[in-house]
2 protein chains.
Amino acid sequence: MEKDLCQISCVNRPLVEQVLKALPDEPLLCGAAEIFKMLADPNRLRLLHALTQEELCVCDLAALVDTSASAVSHQLRLLRTARLVKYRREGKMVYYQLDDEHVAHLLQEGLRHAAED
Amino acid sequence: MEKDLCQISCVNRPLVEQVLKALPDEPLLCGAAEIFKMLADPNRLRLLHALTQEELCVCDLAALVDTSASAVSHQLRLLRTARLVKYRREGKMVYYQLDDEHVAHLLQEGLRHAAED
DNA sequence: TCGACGGCTGAACAACTGTTCAGTTATTGT
DNA sequence: ACAATAACTGAACAGTTGTTCAGCCGTCGA
């Protein structure tokens, strides 16, 4: 690594060291990246946006994004393991909702910034 | 599509229609997804976090994330085209900074939510 | 208890992402 | 004008992501 060039010449070492110290540690950065990764797909954004309004079952969500129930189920598993949604079983049906308001907040922030391009 | 199952039985059509109407339109959703996609990588998060503190040149940034200048340059291009960073040329050097405070804000939000897991 | 149905899962495949490598452009000092 | 250096770029490759397909699990009604 770092073999490409300018090992000694142009790097402002002290400044880099300083900035480096202020960086959040590895697990926190990766955790944040994981959350953003979940938000990095239009279909998942649709699902999450829908869940900001209503609790919905898998079939509803599949109809909403116009794909197979299987595909949605896979997506929901990702969102579940990332703690962005939680679910509730009622008979045969499983109803999903957002895990907390942070999710809705982040989503809204992203949409706002995308709008004022 | 939608061939998998439950075409008629369990879908709550009116509710789906209602939620569907409230969804942001395609380009907005994709725009937001693009932004989140840029934030979905630990190294890019490091770069952006560093730039919240200091204006830095490509070499500095490469040293910071401990990769080649080429790799960083590719990443910076992505961030540039997504309008998350802007740059300034000074002689041979190119200095990068965040395009606006929204970026810093989103970044901070993501880190905060990752922290309070 | 059995069949139907809502939902979940693993494997496989195509599409996308990030890095490396090699080569190019732009600017500076000699 | 030439060599050196900071940065950019396209092609290629490995690793990851999202969908499909086929089959499984859990619950309900007959």
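What's counted below: heavy atoms across the whole structure, side chains too, no hydrogens, waters or symmetry copies. Within every chain, numbering begins at 1; the chains are lettered A, B, ... in the order of the sequence lines, protein sequences first and strands thereafter. In this text the structure is predicted, and so the values were computed from the model without any measurement.
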Under the side chain to side chain contact (heavy atoms under 4.5 Å, CB included) rule, collect the residues that match up with A/V94, sequence neighbours excluded.
A/Y87, A/R89, A/Y96
So if I take residues 87-99 of chain A and measure heavy-atom distances to DNA chain D, which residues fall below 4.0 Å?
A/R89, A/G91, A/K92
Rounded to the nearest angstrom, tell me the gap between atom CG in A/L61 and atom C1' in C/dC8.
15 Å
Based on the rotation axes of five pairs at each end, what angle does the helix from C/dT1-D/dA30 to C/dT30-D/dA1 bend through, to 10°?
20°
Step by step, work out the side-chain contact (heavy atoms from CB on, under 4.5 Å) result for A/L84 and A/D99.
CA-CA 5 Å; A/L84 297 187; A/D99 190 87; 5.7 Å; no
Look at A/Q75 and D/dT19 and indicate whether a side-chain polar atom (N or O) is within less than 4.0 Å of OP1 or OP2.
yes
Can you pull every protein N or O that's under 3.5 Å from an N or O on nucleotides 9-14 of chain D?
| from | atom 1 | to | atom 2 | distance (Å) |
| --- | --- | --- | --- | --- |
| D/dT9 | OP2 | B/R80 | NH2 | 3.2 |
| D/dT9 | O4 | B/S70 | OG | 2.8 |
| D/dG10 | OP2 | B/R77 | NH1 | 3.2 |
| D/dG10 | O6 | B/H74 | NE2 | 2.8 |

What residue pairs, at least two apart or across chains, pass salt bridge (Lys or Arg N to Asp or Glu O under 4.0 Å) with a residue in residues 29-40 of chain A?
A/E34-A/K37
Listing request: all side-chain hydrogen bond (donor to acceptor under 3.5 Å, both in side chains) pairs with a residue in residues 16-32 of chain B, at least two apart in sequence or in separate chains.
A/R46-B/E26
Under the side chain to side chain contact (heavy atoms under 4.5 Å, CB included) test, which residues partner B/E90, sequence neighbours left out?
B/R88, B/Y95
Rounding to a whole Å, what distance do you find between B/D41:CG and C/dC16:P?
18 Å
Spacing between B/F36 atom CZ and C/dT17 atom P, to the nearest angstrom
17 Å
Tell me, which pairs form a ring pair (Phe, Tyr, Trp, His ring centres under 6.0 Å) where one or both residues lie in residues 21-48 of chain A, sequence neighbours left out?
none
Quick one: list whatever passes side chain to side chain contact (heavy atoms under 4.5 Å, CB included) with B/P24, sequence neighbours left out.
A/H49, A/L111, B/L28, B/L29
A/D60 CG to C/dG7 C1', straight-line distance once rounded to whole Å
13 Å
Measure NZ/A/K37 against C1'/C/dT17 and give the value in whole Å, please.
10 Å
Using OP1 and OP2 only, check whether a side-chain N or O of B/R44 sits under 4.0 Å from C/dG18.
yes
Taking CG from A/L76 and P from D/dG18, how many angstroms apart are they, rounded to a whole number?
13 Å
Report the residues that fulfil side chain to side chain contact (heavy atoms under 4.5 Å, CB included) with B/Q75, sequence neighbours left out, ordered by chain and then residue number.
B/D41, B/R44, B/L47, B/L78
What pairs with B/E101 under salt bridge (Lys or Arg N to Asp or Glu O under 4.0 Å), at least two apart in sequence or on another chain?
none
Residue list, side chain to side chain donor-acceptor pair (under 3.5 Å) with B/D100, at least two apart or on another chain
B/H102
Assess whether side-chain contact (heavy atoms from CB on, under 4.5 Å) is satisfied between B/K86 and B/Q97, documenting all intermediate values.
CA-CA 6 Å; B/K86 56 187 176 184; B/Q97 50 185 299; 3.9 Å; yes
Nucleotide D/dT16, atom P - distance to CG of B/N43 in whole Å
14 Å
